[in-house]
Structure formats: C-alpha cells, structure tokens
Undergrad: 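I'd like to ask some things about the structure below.
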2 protein chains.
Amino acid sequence: MSQSLLEELIEKLQCLPGVGSKTAQRMAYHLLQRKRQAGKELANVLVDAMENIGQCGQCRNYTEQELCRICANPKRAEDKILCVVETASDLLAVEQSGQYSGLYFVLHGTLSPIDGIGPSEIGLFQLETFLQQNDITEVILALNPSVEGEATSQFIADICRTENVSVSRIAHGIPIGGELEMVDTSTISHALMGRKSY
Amino acid sequence: MSQSLLEELIEKLQCLPGVGSKTAQRMAYHLLQRKRQAGKELANVLVDAMENIGQCGQCRNYTEQELCRICANPKRAEDKILCVVETASDLLAVEQSGQYSGLYFVLHGTLSPIDGIGPSEIGLFQLETFLQQNDITEVILALNPSVEGEATSQFIADICRTENVSVSRIAHGIPIGGELEMVDTSTISHALMGRKSY
C-alpha cells in the first residue's frame with residue numbers, strides 16, 4: 001500500500017537532527033491539530049532558506065545576501081581583528097558572548113585529508129587572499145581542541161606568519177561554573193599550563 | 001534591523017513541539033550544512049499536509065482521502081466493534097498493539113463545557129448517527145482516565161445504551177513492566193477493583 005500523506009510527513013520530519021519516529025509523529029499531530037498556519041509558514045520559510053541561503057562572499061557565514069550582516073557593517077572592521085571558527089554555530093556562540101566586535105571567518109569544517117577535505121574546501125586560500133587585501137593585525141583561532149582542529153589551527157597560523165599577521169588562540173581551561181572534579185584530565189593539564197599570576 | 005532569512009527559519013522551527021531556540025538553531029544549521037534537499041522535500045510535504053489533510057468522514061481520523069484507510073477497509077467492519085479514542089495518536093497506539101482489528105472513532109478532545117467543547121465539537125452526534133446506521137454490536141471506550149475522559153465516557157455510554165449497543169472500557173491497572181512501588185495509588189486502587197481470579 002502506498003504511503004499516506006501523514007506517513008510521508010512523519011518520515012520527512014525525521015531529516016531534522018534528534019527527531020526519531022515517535023517525535024516526528026508527535027510533531028505531525030501537533031501541527032495538524034493546532035498549528036496548521038504556523039506549519040505552512042514554516043514550510044514557506046524552509047523552502048526559501050534551503051534555496052536562497054548561501055555563504056557570505058567574505059567570511060563564508062550563512063546569509064541570503066552577498067555579504068553577511070557582520071561583514072556589511074563597517075564598524076566590525078575597525079578593530080582589524082579576525083576570528084576563525086569551524087562552524088556558523090561557533091560564530092553565533094562567540095557573537096553571543098558579547099566580548100568580540102571584529103570580523104569572522106567560517107571554515108565549515110577542518111582539514112581532513114582522509115575525507116578529501118584540503119585547504120581549498122575550508123576556504124583557506126580565500127582567507128589568505130583576504131589577509132593580503134585587507135588591513136588585519138590579528139587573527140584569533142577559535143577552533144575546537146580536537147586533532148583536526150589543532151592541525152587546522154597550525155596550518156592557518158603558518159599562513160598568518162607568511163602574511164605578517166599576528167595570531168593567537170582562545171584559552172582552553174576550566175569552564176566557568178564547571179566543577180574541577182568533573183573536568184577531564186586533558187582540560188586540567190591545559191588549565192595548568194595556561195595558568196596566570198594572581 | 002529586519003530579520004535575516006536564517007533568523008526567520010530559526011523562529012518558525014519553534015512552532016514544532018519541544019523545539020526551543022537552541023534546538024531550532026541546531027536544526028537550521030544541520031539542514032543548511034548537510035540536508036538541503038531533504039529540507040526542501042520536508043517543506044513540500046509540510047505545506048501539502050497542512051492544506052490537504054482533513055478528517056475521515058466516518059471516524060474523524062486524519063486523512064487526505066474521503067475515508068481513512070481503516071474505514072475504507074471492509075474487513076475492519078466485520079468484527080462489528082468500534083473503539084472510541086481521544087486523539088489520532090491514541091488510535092495509532094491502539095493500532096500498533098496489534099490486538100484490535102475493528103473500527104475507530106476519534107473525538108479530537110473531551111467534553112469540556114468551560115472551554116466551549118460540547119458533544120457536537122467532539123463529533124458525538126456523528127457517532128450516534130453512525131451507530132444508528134451501521135451494524136455495531138460493541139463500543140470500546142479507550143479514553144484517558146482523567147476527569148474529562150470519565151465524563152465523556154459516561155456521555156458516550158449513555159448514547160450506546162439508547163442505541164442498544166453494548167459498551168465496555170479498556171482495563172486500567174498496573175502497566176506491564178511497571179513496578180508496583182512506582183505506580184500511583186489511584187492506579188493501584190483501579191487494579192485492585194479490577195482483579196481477576198487466577
């Protein structure tokens with residue numbers, strides 16, 4: 001027997017991360033029962049977003065414009081700093097801290113030769129060109145402390161040195177609100193090595 | 001500043017039950033990064049479902065057809081039994097138990113005069129007409145054991161008696177796999193009252 005429209009909706013909802021068949025079922029019934037208009041609005045925005053959201057020509061962040069809002073804002077270039085992040089959600093996390101008002105560059109991944117991801121796939125030549133053509137004095141590396149993140153940080157640091165741009169990385173250590181006994185050993189050793197005089 | 005398309009997508013995703021801003025953000029980035037085609041397919045099914053899924057003319061279950069699959073299947077009428085449930089997901093739960101092969105009737109709610117939900121809002125006149133025009137020998141009430149569920153069960157039982165149809169309700173008791181000490185007192189008293197000789 002062919003699939004009913006409801007079954008199809010329940011199946012397609014499972015393309016969302018963390019949504020299995022039970023959750024999808026609950027979502028479908030919820031929309032049908034109470035939120036038909038909101039469901040239609042979601043569908044419209046969804047198709048629009050999937051078709052029209054591309055990458056910012058300068059920082060590779062997601063945007064439906066030529067340049068994202070951050071790159072389009074001339075104030076953001078005033079500090080002459082650029083923060084490199086792995087994903088657009090990392091950018092949002094840094095942005096939401098309220099501590100940073102410079103530019104960004106989104107890699108959308110890390111170097112991973114085994115998966116065929118080299119410097120061009122994560123935009124490193126575009127980053128190099130940007131550093132050559134713009135007045136940036138410092139690059140802050142805010143990549144994850146994974147093996148791939150470390151290798152990618154190293155690669156970008158080399159580019160920065162070639163372009164005579166100073167390069168730093170965000171501190172690793174005990175998270176604020178974290179309990180020392182719950183923190184993994186590698187974080188503790190980073191925290192010890194990164195200690196500051198009090 | 002007006003909302004970007006991405007912000008709009010994140011906002012609209014929050015019409016889904018159990019989805020807050022963080023989850024919506026994760027969903028949006030996941031779709032943009034890896035599932036653009038699936039996202040578009042979801043949008044198409046979603047708008048189709050919101051516009052075209054209505055209620056089955058006979059049992060009020062959700063369907064895009066005139067009659068749902070269960071009502072359209074002549075075998076389901078052979079047992080001459082009808083199970084009344086509160087919601088379409090309750091119907092699915094009973095169906096998935098594999099123990100029932102009769103017809104259903106979905107109320108989409110319970111009697112609640114204070115909210116303006118009377119017999120006609122939950123299709124009770126339609127149910128009465130169905131019992132008059134069709135050969136049903138037993139109505140099984142599978143409503144939730146809430147105050148509203150009890151009142152609605154009582155109302156439907158009265159209709160059944162008027163129409164000379166026998167009426168039963170599903171058993172309440174200790175769930176299979178449930179531990180006695182974890183079960184609430186009201187369930188235990190139902191289980192005691194409903195005891196069977198061993």
Side-chain angles (χ1 to χ4, degrees), chain A residues 1-19 22-55 61-65 68-69 73 87-93 108-109, chain B residues 1-19 22-55 61-65 68-69 73 87-93 108-109:
Chain A
M1 208 188 276
S2 76
Q3 238 181 356
S4 76
L5 193 51
L6 181 61
E7 284 165 349
E8 207 182 334
L9 175 61
I10 291 172
E11 187 196 299
K12 298 289 183 196
L13 278 166
Q14 294 176 50
C15 75
L16 298 170
V19 175
K22 270 279 168 190
T23 312
Q25 190 182 306
R26 198 161 61 93
M27 286 175 167
Y29 284 127
H30 180 86
L31 291 175
L32 285 171
Q33 185 99 45
R34 279 183 286 262
K35 297 268 181 84
R36 291 203 183 218
Q37 191 49 43
K40 276 194 254 182
E41 285 167 21
L42 169 60
N44 292 335
V45 174
L46 193 54
V47 77
D48 194 5
M50 293 300 113
E51 276 169 5
N52 298 322
I53 291 183
Q55 291 179 359
N61 188 16
Y62 289 123
T63 177
E64 72 275 23
Q65 311 284 334
C68 76
R69 276 192 202 169
N73 180 355
T87 66
S89 29
D90 291 344
L91 183 154
L92 205 63
H108 292 292
Chain B
M1 205 187 278
S2 76
Q3 240 184 352
S4 76
L5 194 50
L6 181 61
E7 285 166 347
E8 207 181 334
L9 175 60
I10 291 172
E11 186 195 300
K12 297 290 182 196
L13 278 166
Q14 294 175 50
C15 76
L16 297 170
V19 176
K22 272 277 168 191
T23 311
Q25 191 182 306
R26 197 162 62 92
M27 287 176 167
Y29 284 128
H30 180 85
L31 291 175
L32 285 171
Q33 186 100 42
R34 279 183 286 264
K35 297 266 180 85
R36 290 203 185 222
Q37 192 50 44
K40 276 194 255 181
E41 283 167 22
L42 169 60
N44 291 336
V45 174
L46 194 54
V47 76
D48 194 5
M50 293 300 113
E51 277 170 4
N52 298 322
I53 292 183
Q55 291 180 359
N61 188 17
Y62 289 122
T63 178
E64 72 275 24
Q65 311 285 334
C68 75
R69 278 193 200 168
N73 180 353
T87 65
S89 29
D90 291 343
L91 183 155
L92 206 62
H108 293 292

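We use all heavy atoms of the structure for the numbers below, so side chains are in, but hydrogens, waters and symmetry mates are not. Residue numbers begin at 1 in each chain, while the letters A, B, ... track the order of the sequences.
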Undergrad: Checking heavy atoms, do the side chain of Glu11(A), its backbone, both or neither come under 4.5 Å from chain B?
TA: neither
Undergrad: For a quick test of reading the model, state the closest non-hydrogen atom pair linking Met27(A) to Met27(B) and the distance between them.
TA: CE-CE, 4.2 Å
Undergrad: At a 4.5 Å cut-off on heavy atoms, which part of Glu8(B) comes close to chain A: side chain, backbone, both, or neither?
TA: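 The answer is both parts of Glu8(B).
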Undergrad: Out of Thr63(B), Leu6(B), Val47(B), Leu31(B), return the one with the most heavy atom pairs under 4.5 angstrom to chain A.
TA: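 With the most close heavy-atom pairs to chain A, the winner is Leu31(B).
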Undergrad: Rounded at 0.5 Å granularity, tell me how far CG in Leu91(B) sits from OH in Tyr29(A).
TA: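 OH of Tyr29(A) is found 7.0 Å from CG of Leu91(B).
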Undergrad: For Gln55(B), is it the side chain, the backbone, both, or neither that has a heavy atom closer than 4.5 Å to a heavy atom of chain A?
TA: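 Neither part, no heavy atoms under 4.5 Å.
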Undergrad: Minimum heavy-atom separation for Leu9(B) and Ala49(A), please, with both atom names.
TA: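 Here Leu9(B) and Ala49(A) meet closest at CD2-CB, 3.8 Å.
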Undergrad: Taking ring pair (Phe, Tyr, Trp, His ring centres under 6.0 Å) as the definition, give me every residue that meets it alongside His30(B), ordered by chain and number, with sequence neighbours left out.
TA: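 His30(B) satisfies ring pair (Phe, Tyr, Trp, His ring centres under 6.0 Å) with no residue once adjacent residues are dropped.
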Undergrad: Could you have a look at Val19(A), Leu46(A), Thr87(A) and say which one has the most heavy-atom pairs with chain B under 4.5 angstrom?
TA: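 Top count of heavy-atom pairs under 4.5 Å with chain B: Leu46(A).
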Undergrad: Could you list the donor-acceptor pairs under 3.5 angstrom formed by side chains in residues 37-45 of chain B, with sequence neighbours left out?
TA:
| from | atom 1 | to | atom 2 | distance (Å) |
| --- | --- | --- | --- | --- |
| Glu41(B) | OE1 | Lys12(A) | NZ | 2.9 |
| Asn44(B) | ND2 | Lys40(B) | O | 3.4 |

Undergrad: So how far is it from Leu16(A) CG to Lys35(B) NZ, rounded to the nearest 0.5 Å?
TA: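 Answer rounded to 0.5 Å: 8.5 Å.
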Undergrad: Gln14(B), Arg26(B), Gln33(B): which one forms the most heavy-atom pairs within less than 4.5 Å of chain A?
TA: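 That would be Gln33(B).
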